[in-house]
Asks: 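Before I ask anything, here is the structure I am working with.
Read the numbers this way: they start at 1 and go in the same order the structure lists the ligands and their atoms. Here, residue 1 is the first one in the sequence, and each next residue gets the next number.
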Amino acid sequence: MAPKAIIAPSILSADFADLGAECSRTIAQGADWLHVDIMDAHFVPNLTFGPPVVAKIRPHVDRPTESFAKGTFDCHMMIAEPKKWVKEFKAAGCDLYCFHYEAAIDSTAAESPEAPRTEQKTSPRELIRYIHEQGMLAGIAIKPATKAEVLFEVLDSGDVKERPDMVLVMTVEPGFGGQKFMASELPKVQALRARYPDLNIEVDGGLGPGTIDQAADAGANVIVAGSAVFGAKDPAGVISLLREAVDKRGKL
Ligand SMILES: O=C(CO)[C@@H](O)[C@H](O)COP(=O)(O)O
């Protein structure tokens with residue numbers, strides 16, 4: 001049976017003037033996690049929150065009592081230097097530090113996933129080990145131009161400390177909320193689910209009532225939704241619809 005649904009609204013679509021209250025309200029509306037999009041204007045063409053903002057909103061949500069529990073701060077690190085910020089985000093209250101594969105490897109490969117990777121900045125496995133040593137869960141994300149196969153080597157690591165706790169398959173180009181869902185990315189989710197039945201597979205970008213069935217059919221269980229939740233008249237209803245769509249498939 002596939003892992004259970006985890007619904008992680010992206011606070012990129014929240015009211016930034018009322019961010020603490022938006023976070024606690026969203027958890028009360030039934031969200032499991034909060035997805036916190038960290039952007040540095042280098043890795044992606046947008047700029048969002050740093051550690052002080054995460055530290056300010058953290059007390060508005062009860063800390064998770066165990067790994068993957070309600071209240072997890074799922075920090076999606078769309079930054080060029082993911083290793084540099086691990087300790088700061090841990091101190092700020094991040095529970096799951098999800099870096100981009102493309103940022104961890106060399107810059108040539110980031111521009112073209114087909115290019116040979118000779119000069120590694122940080123090996124994804126080393127970075128995962130480091131994140132675990134700092135006491136956080138580790139996630140690894142891929143952009144639309146990156147093949148799912150690059151994750152196999154990391155996921156197949158014999159050492160559990162170097163294996164990610166979650167993978168994130170982007171279903172839009174990272175950088176902005178409110179973009180159109182890219183169904184072209186779902187074969188990656190299918191391939192990952194077929195190979196790793198127990199893996200937590202997150203999808204992010206354009207998810208909502210109109211696209212959740214496709215993502216759930218492909219095997220995604222961690223669902224990020226920004227505009228679909230924060231823009232809804234009934235956010236609790238949307239969160240529960242997303243959860244039911246995923247859990248229904250897990251039981252098939
Ligand atoms: O990481 C990102 C964008 O880069 C996302 O988390 C978006 O914030 C999702 O927003 P919607 O597509 O759900 O509106």
Side-chain angles (χ1 to χ4, degrees), residues 5-16 19 22-23 26-27 29-50 53-54 57 72-80 82 85 89 94-103 110 139-146 166-186 188-189 200-216 218 220-243 245-246:
I6 294 174
I7 310 303
S10 165
I11 62 169
L12 190 60
S13 296
D15 176 359
F16 284 6
L19 203 47
E22 286 274 75
C23 290
T26 305
I27 292 290
Q29 285 162 344
D32 299 289
W33 295 359
L34 291 177
H35 184 84
V36 186
D37 284 318
I38 310 298
M39 304 189 192
D40 68 351
H42 289 282
F43 184 71
V44 288
N46 197 2
L47 189 59
T48 58
F49 328 101
V53 176
V54 175
I57 58 176
T72 292
F73 268 35
D74 165 28
C75 294
H76 176 193
M77 308 304 297
M78 286 166 271
I79 62 173
W85 292 95
F89 276 88
C94 168
D95 303 296
L96 192 163
Y97 190 95
C98 184
F99 65 91
H100 265 267
Y101 168 84
E102 302 86 355
I140 181 165
I142 52 171
K143 291 190 196 185
T146 304
M166 184 189 81
V167 299
L168 163 54
V169 175
M170 288 304 296
T171 46
V172 295
E173 283 300 337
F176 299 92
Q179 300 183 73
K180 189 171 181 298
F181 177 72
M182 295 168 69
S184 57
E185 302 313 295
L186 293 179
K188 296 179 189 175
V189 176
N200 281 293
I201 304 177
E202 183 173 62
V203 282
D204 179 9
L207 273 306
T211 51
I212 187 60
D213 286 340
Q214 299 169 64
N221 70 298
V222 186
I223 310 298
V224 177
S227 44
V229 169
F230 287 97
K233 283 202 178 98
D234 175 18
V238 172
I239 291 168
S240 104
L241 181 153
L242 298 174
R243 183 188 310 290
V246 173

Asks: Out of A228, S227, S10, whose heavy atom sits nearest atom 14 (O) of ligand 1?
Replies: S227
Asks: What's the shortest heavy-atom distance between A141 and E102, and which atoms?
Replies: O-OE1, 3.7 Å
Asks: For atom 9 (C) of ligand 1, which candidate among V203, V224, D204, L168 provides the closest heavy atom?
Replies: D204
Asks: Decide yes or no on side-chain contact (heavy atoms from CB on, under 4.5 Å) for V36 and D74, but give the supporting numbers first.
Replies: CA-CA 6 Å; V36 186; D74 165 28; over 6 Å; no
Asks: Using a strict cut-off of 4.0 Å, indicate which atoms of ligand 1 neighbour a heavy atom of P174.
Replies: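 Selected atoms, number and element: 4 (O).
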Asks: State the CG-OG1 distance between L96 and T72, to the nearest 0.5 angstrom.
Replies: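 The distance works out to 7.0 Å.
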Asks: Looking only at protein heavy atoms, which one is nearest to atom 12 (O) of ligand 1, and what is the separation?
Replies: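 That would be G206 N, 2.8 Å.
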Asks: What distance do C75 atom SG and H35 atom NE2 have between them, rounded to the nearest 0.5 Å?
Replies: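 Between C75 SG and H35 NE2, I get 9.0 Å after rounding to 0.5 Å.
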Asks: What do you reckon, does G178 have a nitrogen or oxygen under 3.5 Å from a nitrogen or oxygen of ligand 1?
Replies: yes
Asks: Check L168, V167, I6 against E202 for a side-chain contact (heavy atoms from CB on, under 4.5 Å) and give me the one that passes.
Replies: L168
Asks: I'd like to check which ligand 1 atoms, numbered from 1 as shown, lie under 4.0 Å from a non-hydrogen atom of M39.
Replies: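 Atoms satisfying the 4.0 Å criterion: 4 (O).
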Asks: Does V172 reach ligand 1, in the sense of a heavy atom lying below 4.0 Å from it?
Replies: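 Checking ligand 1 against V172, which is what was asked, there is no heavy-atom contact under 4.0 Å.
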Asks: Hey, which atoms in ligand 1 end up nearer than 4.0 Å to a heavy atom of M78?
Replies: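 Listed by number with element, the hits are 1 (O), 4 (O).
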Asks: With a cut-off of 4.0 Å, which atoms of ligand 1 are near a heavy atom of H35?
Replies: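 Those atoms are 6 (O).
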Asks: Polar-atom distance check: G175 versus ligand 1, any N or O pair below 3.5 Å?
Replies: yes
Asks: Please list, in number order, the atoms of ligand 1 under 4.0 Å from a heavy atom of G205.
Replies: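 Once the distances to G205 are compared, the set is 12 (O).
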Asks: Calculate, to the nearest 0.5 Å, the distance between atoms CD1 and CD1 belonging to I212 and I223 respectively.
Replies: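 Here the interatomic distance stands at 3.5 Å.
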Asks: Is the charged tip of K143 near the ring of F43: under 6.0 Å from the six-membered ring centre and within 45° of its axis?
Replies: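 Yes.
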Asks: Mark up the atoms of ligand 1 that fall under 4.0 Å of a heavy atom belonging to A225, in ascending order.
Replies: 13 (O)
Asks: For D37 and T48, which I'm curious about, is there any donor-acceptor pair between the side chains at under 3.5 Å?
Replies: no
Asks: What is the nearest protein non-hydrogen atom to atom 10 (O) of ligand 1, stated with its residue, atom name and distance?
Replies: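 It is G177 CA, 3.5 Å.
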Asks: Considering only heavy atoms of H76, which atoms of ligand 1 have at least one such atom less than 4.0 Å away?
Replies: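 Those qualifying, in numeric order: 1 (O).
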Asks: Taking 4.0 angstrom as the limit and counting only heavy atoms of L12, give me the atoms of ligand 1 inside it, by number and element.
Replies: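 Those of ligand 1 that fall under 4.0 Å from L12 are 8 (O).
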Asks: Quick one, F99 with I79, criterion side-chain contact (heavy atoms from CB on, under 4.5 Å). Give me CA distance, side-chain angles, the key distance, then yes/no.
Replies: CA-CA 8 Å; F99 65 91; I79 62 173; over 6 Å; no
Asks: Checking the N or O distance criterion of under 3.5 Å, is ligand 1 in contact with G226?
Replies: yes
Asks: Stepwise, does the side-chain contact (heavy atoms from CB on, under 4.5 Å) test hold for L12 with F230?
Replies: CA-CA 9 Å; L12 190 60; F230 287 97; over 6 Å; no
Asks: Return the residue, atom name and 0.1 Å-rounded distance of the protein heavy atom closest to atom 3 (C) of ligand 1.
Replies: F176 O, 3.4 Å
Asks: Using the six-membered ring wherever Trp is involved, compare the ring planes of F16 and F49 and label them parallel, tilted or perpendicular (cut-offs 30° and 60°).
Replies: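 F16 and F49: tilted rings.
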